[in-house]
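Values reported hereafter were calculated over all heavy atoms of this structure, with side chains retained and with hydrogens, waters and symmetry mates removed.
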Amino acid sequence: MSVQSNIRRKTAPDLRARKNGEPIVMLTSYHAHTAALVDKHCDAILVGDSLGNVMHGFETTVPVTLDMMILQGRAVMRGSQAALVVVDMPFGSYEGSKEQAFASAVRIMKETLCGAVKLEGGVRMAETVAFLSGRGIPVMGHIGLTPQSINTLGSFRAQGRDEANWAPIEADARAIAEAGAFSIVVEAVAEPLARKITQSIAVPTIGIGASAACDGQVLVLEDMLGLSPRAPKFVRRYGNLGPMIEEAIAGYARDVKSRAFPGPEHVYDMKKS
């Protein structure tokens with residue numbers, strides 16, 4: 001008797017085929033319960049290393065470990081059924097060599113059962129992308145603002161706002177696309193440049209602070225729900241759950257202190273003889 005689900009999960013080739021088609025919808029998730037909600041509406045779920053900021057309160061994504069990504073990737077896979085799950089490769093897990101990247105990616109794929117990995121970097125990572133793609137590991141690229149490089153960038157600032165600086169970013173996009181990435185996240189890149197990149201490469205672009213002309217969009221779930229205290233300029237808040245959650249917690253605290261909770265309906269009586 002088969003135990004496989006009847007729901008077919010989207011794959012990297014499915015997303016690759018969406019170039020110039022219906023826009024790809026993508027959000028982050030790190031938990032089984034949020035993954036189940038996101039799964040109903042999104043083509044892909046990114047288990048982002050932004051979990052370092054969102055879940056652990058780190059200032060940057062640099063401290064995130066491979067074990068942390070695998071743990072949350074497993075949770076998201078259990079909570080979702082239909083979306084392609086992409087797991088970020090964290091800082092230090094792939095930059096050393098293409099062999100190191102392969103070993104890390106294999107751990108992620110085997111231990112989470114996800115459908116793809118994502119790594120940051122352009123020209124410098126093209127050889128690694130080709131190495132992974134050629135060995136059965138679907139790779140989503142990430143160019144523009146690359147948060148794992150914050151210590152060399154100096155700040156989280158938009159890229160390509162001066163046309164004189166476009167050439168290296170365009171070269172990054174071409175190199176990753178030609179190396180075999182099935183899609184590329186374009187983060188915090190000036191709108192005209194993001195539009196040009198999207199029109200010039202053969203694989204889908206997924207924008208975050210880029211352009212509506214990209215082949216899809218991704219946001220951090222907690223940012224768009226209003227759970228993050230600070231959100232980048234490119235985030236549109238589709239909810240304001242932070243104050244709602246705090247109000248609910250305050251109500252709970254009041255009821256506990258006044259002994260209004262638990263009430264008779266929340267406790268167990270003795271069995272009737």
State whether the number of non-hydrogen atoms from other residues, nucleotides or ligands found under 6.0 Å of Gln100 atom CD is greater than 12.
yes

Among side-chain atoms of Asp14 and Thr11, is any donor-acceptor pair under 3.5 angstrom?
yes

Under 6.0 Å from the ring centre and within 45 degrees of the ring axis: does the NZ or CZ of Arg135 meet both conditions for the six-membered ring of Phe131?
yes

With Phe102 via ring pair (Phe, Tyr, Trp, His ring centres under 6.0 Å) - residues at least two apart
none

Between Glu111 and Met109 (side chain of the first, backbone of the second, donor and acceptor by atom type, cut-off under 3.5 Å), is there such a pair?
no

With sequence neighbours left out, what residues match Tyr94 under side-chain hydrogen bond (donor to acceptor under 3.5 Å, both in side chains)?
Gln148

Side chain proximity check, Ile108 to Ile70, heavy atoms < 4.5 angstrom
yes

Side chains of Leu27 and Met224: closer than 4.5 Å at any heavy-atom pair?
yes

Crowding at CE, Met55 (>12 non-hydrogen neighbours, <6.0 Å)
yes

How about Lys196: does its NZ atom have over 12 heavy atoms from other parts shown lying under 6.0 Å from it?
no

Is the side chain of Asp43 donor-acceptor paired with the backbone N or O of Ile24 at a distance under 3.5 Å, no angle test?
no

Roughly how far apart are Ser50 OG and Glu222 CD, rounded to 0.5 Å?
7.5 Å

Under 4.5 Å between any side-chain heavy atoms of Phe234 and Ile208, yes or no?
yes

CD1 on Ile197 to CD on Glu170, rounded to 0.5 Å:
6.0 Å

Within the 4.5 Å heavy-atom criterion, are Tyr238 and Leu225 side-chain neighbours or not?
no

How long is the span from the CG atom in Leu71 to the CG atom in Leu66, to the nearest 0.5 Å?
11.5 Å

Asp49, Leu221, Val54, Val47 screened by side chain to side chain contact (heavy atoms under 4.5 Å, CB included) with Thr28, the one that passes
Leu221

Determine yes or no for a side-chain-to-main-chain donor-acceptor pair under 3.5 angstrom, with His56 supplying the side chain and Asn53 the backbone.
no

So, does Ser29 use its side chain to make a donor-acceptor pair with the main chain of His31 at under 3.5 Å?
yes

Below 4.5 Å, heavy atoms only, C-beta onward: do Val186 and Ile143 meet side chain to side chain?
yes

Closest heavy-atom pair, Phe91 versus Val62, reported as atoms and distance to 0.1 Å, is CD2-CG1, 3.6 Å

Side-chain heavy atoms of Met140 within contact of Met26, under 4.5 Å:
yes

To the nearest 0.5 Å, what is the distance between CD on Glu95 and CG on Leu119?
8.5 Å

With respect to Lys118, which candidate in Leu46, Ile206, Val139 satisfies the side chain to side chain contact (heavy atoms under 4.5 Å, CB included) definition?
Leu46

Looking only at side chains, do Arg107 and Ser93 share a donor and an acceptor under 3.5 Å apart?
no

Has the side chain of Arg9 got a donor or acceptor atom that lies under 3.5 Å from a matching backbone atom of Ala83?
yes

Within-4.5 Å side-chain heavy-atom neighbours: Val64 and Met69:
yes

Polar side chain donor-acceptor pair, His142 to Glu187, under 3.5 angstrom:
yes

Gap separating the CD atom of Gln217 from the CG atom of Asp215, nearest 0.5 angstrom:
9.5 Å

Is a side-chain donor or acceptor of Asp223 paired with a backbone partner of Ala231 at a separation under 3.5 angstrom?
no

Distance col, row Ser200:OG vs Leu193:CG, nearest 0.5 angstrom, shows 8.5 Å

Do Arg16 side-chain atoms and Val203 backbone N/O form a donor-acceptor pair below 3.5 Å?
no

